[in-house]
Amino acid sequence: MNFKVIGTEAPRPDGREKVTGAAVFVADLRMPGMLHARVLRSGQAHARLRRVDVSRAQALDGVKAVVTGARFQRPFGICITDQFPLARDKVRFAGEPVAAVIAVSEQVADEALKLIEVEYDPLPVVLDPREAIRPGAPLLHEDLGSYARVAGINPCPGTNIFHHFKIRRGELEETFHRADHVVDREYEFPSVHHVQLEPHGAIARLSPGGDLTVWSSSQAPFVVRHTVSRLLGLPASKVRVVVPYVGGGFGGKSDVTIEPLAACLATAVPGRAVRLVLAREEMFDGTVIGRGLYARYRTAVTREGRIIGEEILLTLNGGGYGDYAVNIVGGAAASATGPYEIPNLKIDAYGLYTNTPPTGACRGYGHPEVHWACERQREIIAREMGIDPVEFRLRNILGPGKSNALGQIMEEDHGRVDLCIRKVVEDLAGPRYFAGRGHGPGGRPAVRRGKGIAAFMKAPVMPTNAQSGAIIRLNEDGGATVSVGAVEMGQGTYTALGQIAAEALRLPVEMVRVVPFVDTEVSPYEWQTVASHTTWAVGNAILMAAADVLDQLKVAAGAAFGVSPEELEAGEGKIFLREAPVVSLPYSRLALGCTRSDGSAVNRPVIGRGTFVPSGLTYPDPETGQGNPAADWTFGCQGAEVEVDLRTGEITVLKLVTAIDAGRIINPLLARGQVLGAAAQALGSTLFEKLIYSEAGIMRNRSLTDYKIPGPEDMPLQTRVIFVETPEKTGPYGARGLGEHGTVGVPPAIGNALANALGADFYALPITAADVIRALKGKGGGLRAQTF
Amino acid sequence: MKHQIRVKVNAETHEAQVSSELTLLEFLRDTLGLTGTKMGCGNGECGACTVLLSGAPVRSCLILAVEADGQEILTVEGLARGDRLHPLQEAFLEKGAVQCGFCTPGMLLAAKALVDRQPDPDLKDVKEALGGHLCRCTGYESIFEAILAHPR
Ligand code: FES
Ligand code: FES
């Protein structure tokens with residue numbers, strides 16, 4: 001196929017606004033008569049609320065309202081309705097909203113917060129999901145059994161387990177009996193924060209007519225609409241959610257975060273807009289956090305290096321409210337094997353309530369967590385069996401005709417992980433590395449270098465009926481305006497979708513504008529902008545809308561020419577006769593009603609409509625996990641070369657290579673930016689990032705000084721991104737998702753490179769200089785490190 | 001306590017009565033409505049609020065408006081000449097150095113301060129000039145490339 005726009009580096013339509021400071025984010029909006037809200041957050045991680053006295057705060061000059069949980073009796077939740085916008089009887093994490101002040105300024109609101117008196121009856125705190133699962137652990141939700149929930153969720157009332165997901169394939173016991181070698185290890189991926197540069201913000205206003213508008217930094221405007229309409233008992237049509245540019249989401253602005261609270265606050269001061277923009281510290285403990293997984297892998301292998309069985313136990317920290325994390329449990333389990341065919345499996349994944357902030361979606365959605373474990377495990381098995389780690393992976397690799405953990409059979413167009421592995425090895429290794437222990441570069445005895453790889457796969461985790469829509473209006477100049485419900489949060493979605501629309505409409509890309517915001521009142525429905533599924537799903541909706549536009553144009557031109565539409569073609573902004581291309585009409589003549597010579601109208605305005613829902617997805621079987629919940633996969637491989645200073649333990653990543661089979665690449669510049677950005681985030685998780693709590697459950701590193709993310713100085717010296725482009729059958733022009741995938745293989749690739757360099761296995765992230773030194777002194781132990 | 005200040009922002013003179021606690025960031029965003037300068041932390045930890053104060057990059061969330069009295073300030077809104085983007089702005093677009101755009105204003109101004117004093121920086125200079133500037137989207141490489149490649 002010959003593309004005009006697909007595969008080009010079309011410029012970002014939002015680029016000029018973003019480099020000139022004109023791009024508008026929620027915190028930049030000013031509404032007439034706007035008031036400001038600040039939130040009093042619980043200083044206790046687990047406690048009964050005995051008394052909340054707001055009378056002194058209410059009396060402060062400039063305070064318009066002070067609200068507590070007593071005012072809002074309805075719970076909310078996407079999967080399990082287990083929380084309230086403001087705590088009612090109990091707080092379940094330090095940082096949970098207990099009261100809020102609405103005032104004429106943030107300063108006054110802050111003053112008023114200090115006047116609120118709260119009395120707590122502290123309860124025992126549990127922070128580690130491995131403890132929360134034990135009988136007798138402090139119980140967070142006594143009423144778990146009575147909570148409303150969506151289908152496919154399996155909570156265990158009377159415990160802290162809000163979801164137990166199982167995968168069962170084949171015969172495990174017997175498999176372990178006939179195994180020649182068994183490897184049993186535990187791994188930890190701690191809780192981290194997304195650290196979007198833009199703080200979460202929402203402005204809400206209840207109009208005198210009873211309509212509620214929420215302007216929000218949300219990845220999920222339609223989820224916000226649904227949640228808020230249920231919470232306040234308003235019809236969905238009376239709730240309007242507007243999302244301007246979002247300053248980074250990474251999952252931490254998906255589902256709902258502060259919007260239910262902002263909406264409730266607006267009802268306390270009808271007619272006035274209420275602005276709630278979080279301070280940086282509040283982002284850490286007042287929104288959602290990410291990851292937080294312990295994994296145990298027991299693997300049965302034959303002498304020939306075939307993995308014949310695996311038993312996996314995953315324990316996910318869900319935090320105080322399980323709602324957000326429910327689907328991470330299933331997503332992590334579904335990909336827990338990594339891209340390998342393993343005939344006999346027993347996977348148990350548990351989501352646990354604990355007294356930390358709730359865990360939400362986080363770029364990769366369970367996949368970086370399980371790949372940290374499974375790709376370290378693969379490396380360790382290969383080493384213990386004396387098999388080359390690349391060869392070992394390839395012997396067990398998933399590919400066409402093989403079946404994954406869910407029992408889905410892979411096809412050719414699902415992508416080629418084997419090719420990705422070979423490309424990375426080729427780029428990284430040169431002839432020798434994978435065989436032996438790391439070496440020091442010439443003349444620097446105190447330095448060790450090593451290389452490692454990690455293969456990966458990721459499927460979008462989504463409801464079986466996740467819907468997308470697109471509307472294309474043709475304008476009088478022959479150009480098009482495309483409306484979608486997807487949010488621009490940096491990933492370049494309006495660029496890529498504009499390219500898909502331009503290609504399909506046979507227009508130059510400059511003639512297509514994607515509406516650069518979402519307004520649920522006018523934008524077509526979109527499930528939410530998550531799961532790396534937008535190019536794929538919304539792109540498909542756009543293809544359908546564009547086909548609809550072309551059909552309408554051909555019918556109109558056919559009527560004007562007196563020929564049947566089948567005799568017509570579209571190209572370069574014109575409809576023309578296939579047999580005689582000079583007979584043509586430009587879109588501009590047809591867009592708003594072409595007329596005949598006598599003035600009579602030929603056609604109606606051209607508005608194209610497209611919709612998409614993935615076909616054939618089903619719930620997994622509750623007992624075996626088998627089914628068809630994943631719509632597509634993106635496979636890839638990442639490799640790292642590291643250098644370690646043996647005196648200081650300092651780790652330098654010299655090189656980071658990614659090969660990814662994301663199907664056809666719509667925009668190489670943007671695609672590369674997604675992969676590198678994701679890899680940089682994962683580099684942070686590998687080397688620095690971890691949320692730390694006191695014993696009482698107070699988060700200790702709620703600032704960018706105490707919680708370090710990678711800065712300019714921490715970047716690998718060399719990066720490489722290689723695209724393997726096996727076209728996706730179900731994707732627009734063969735495209736697949738790629739936004740999250742660069743996060744998935746980085747931690748194990750670096751972990752494996754460190755093992756190669758140092759002869760030490762690290763099982764817990766992040767791996768710090770102190771861990772290296774401890775390992776070198778043979779003082780590792782536990783999950784920190786072990787030398788081999 | 002209110003103070004009278006007089007500052008030149010993007011070549012326009014402004015006089016205002018400001019309270020002694022008002023930060024330069026609040027003055028720019030709330031008083032003057034120049035919302036291109038972003039607040040990422042309010043604590044000097046992210047660099048998003050960087051502007052040039054008499055040519056030097058400062059974190060406007062850490063400076064009081066009164067401290068800027070009598071000085072010249074350049075914000076992201078003042079970088080382009082009418083329709084003509086500053087070469088750094090062009091280079092950021094060309095190299096894909098802009099994703100969500102929230103860190104971009106601060107990055108651009110830090111980069112401007114660098115190339116103003118050192119027209120031909122190397123990678124080390126660039127990394128140093130961007131020290132303490134956080135970007136969570138790009139992985140920085142495209143930003144380095146843009147600054148190194150910007151036409152002079
Ligand atoms: S807002 Fe000033 S440094 Fe972050
Ligand atoms: S582009 Fe999003 S933080 Fe830099």
Side-chain angles (χ1 to χ4, degrees), chain A residues 9 11-12 14-25 27-30 107 194-199 245-250 277 279-281 488-492 656 667 669-670 672-681 683-684 703-705 709-716 719 742, chain B residues 19 21 29-30 33-48 75-80 83 85-86 88-108 123 126-144:
Chain A
E9 298 191 344
R12 297 181 72 103
D14 51 343
R16 265 186 99 93
E17 286 191 68
K18 287 180 174 173
V19 295
T20 55
V24 170
F25 298 82
D28 303 333
L29 295 172
R30 299 285 177 273
Q107 288 72 12
H194 313 72
V195 188
Q196 310 89 337
L197 256 273
E198 177 207 25
Y245 289 127
V246 173
F250 317 122
V277 173
R280 177 56 61 179
E281 312 83 73
E488 175 59 64
M489 50 188 168
Q491 81 279 43
L656 206 51
N667 184 318
L669 184 70
L670 258 52
R672 191 181 140 79
Q674 283 303 294
V675 174
L676 288 182
Q681 276 181 16
L683 186 72
S703 77
L704 296 176
T705 307
I709 68 166
E713 65 287 358
D714 300 310
M715 288 301 103
T719 61
Chain B
S19 82
E21 311 94 73
R29 287 180 54 85
D30 301 337
L34 292 170
T35 54
T37 305
K38 299 301 176 206
M39 157 123 133
C41 68
N43 294 321
E45 299 168 341
C46 75
T75 74
V76 68
E77 288 94 342
L79 272 178
D83 253 7
L85 294 182
H86 187 279
L88 279 167
Q89 291 171 310
E90 293 280 6
F92 267 57
L93 293 180
E94 190 175 317
K95 296 291 177 190
V98 178
Q99 288 191 23
C100 81
F102 207 79
C103 70
T104 310
M107 292 282 182
L108 279 168
L123 184 60
V126 171
K127 287 191 181 180
E128 222 172 81
L130 298 185
H133 281 261
L134 298 178
C135 172
R136 193 56 148 170
C137 299
T138 62
Y140 304 98
E141 194 174 289
S142 50
I143 299 176
F144 301 157

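Order of the sequence lines sets the chain letters (A, B, ...), proteins ahead of strands, with each chain counted from 1.
Looking at B/Glu45, its side chain never comes within 3.5 Å of a backbone N or O of A/Ser703 through a donor-acceptor pair. For the pair B/Tyr140 (side chain) and A/Pro710 (backbone), a donor-acceptor distance under 3.5 Å is present.
In terms of heavy-atom pairs under 4.5 angstrom with chain A, the leader among B/Leu85, B/Thr104, B/Leu79, B/Leu108 is B/Leu85. The most heavy-atom pairs under 4.5 Å with chain B, out of A/Gly677, A/Pro716, A/Gly492, A/Ala22, come from A/Gly677. For the set B/Met107, B/Lys38, B/Glu77, the entry with the most heavy-atom pairs within less than 4.5 Å of chain A is B/Lys38. Contact count versus chain A (heavy atoms, under 4.5 Å) is highest, among B/Val76, B/Leu123, B/Leu34, for B/Val76.
Of the atoms belonging to A/Pro11, not a single heavy atom falls under 4.5 Å from chain B. If you measure heavy-atom distances from A/Val246 to chain B, the contacts under 4.5 Å come from the backbone alone. Of the atoms belonging to A/Arg30, it is side-chain heavy atoms, and not backbone ones, that fall under 4.5 Å from chain B. With a 4.5 angstrom heavy-atom cutoff, A/Ala27 touches chain B via backbone and side-chain atoms both. In this structure, the portions of A/Leu197 lying under 4.5 Å from any heavy atom of chain B include both its backbone and its side chain. In this structure, chain A has a heavy atom under 4.5 Å from the side chain of B/Glu141, while its backbone stays farther away. With a threshold of 4.5 angstrom between heavy atoms, B/Glu21 does not approach chain A through any atom at all. Heavy atoms closer than 4.5 Å to chain B are found nowhere in A/Glu17, neither backbone nor side chain. For A/Glu9, no part lies under 4.5 angstrom from a heavy atom of chain B.
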Without placing hydrogens or testing angles, list every side-chain donor-acceptor pair under 3.5 Å for residues 126-135 of chain B, not counting sequence neighbours.
none

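From B/Gln99, atom CD reaches atom CZ of A/Arg12 across 6.5 Å, with rounding to the nearest 0.5 Å. Separating the CZ atom in A/Arg280 from the SG atom in B/Cys46 is a distance of 6.5 Å, to the nearest 0.5 Å.
Here the shortest heavy-atom pairing between B/Phe144 and A/Pro712 reads CZ-O, 3.4 Å. Scanning all heavy atoms of the two residues, the minimum distance from B/Cys100 to A/Gly248 falls at CB-N, 3.4 Å.
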Please assess B/Arg29 against A/Asp28 for the test side chain to side chain contact (heavy atoms under 4.5 Å, CB included), listing each intermediate value before the final yes or no. CA-CA 8 Å; B/Arg29 287 180 54 85; A/Asp28 303 333; 2.8 Å; yes

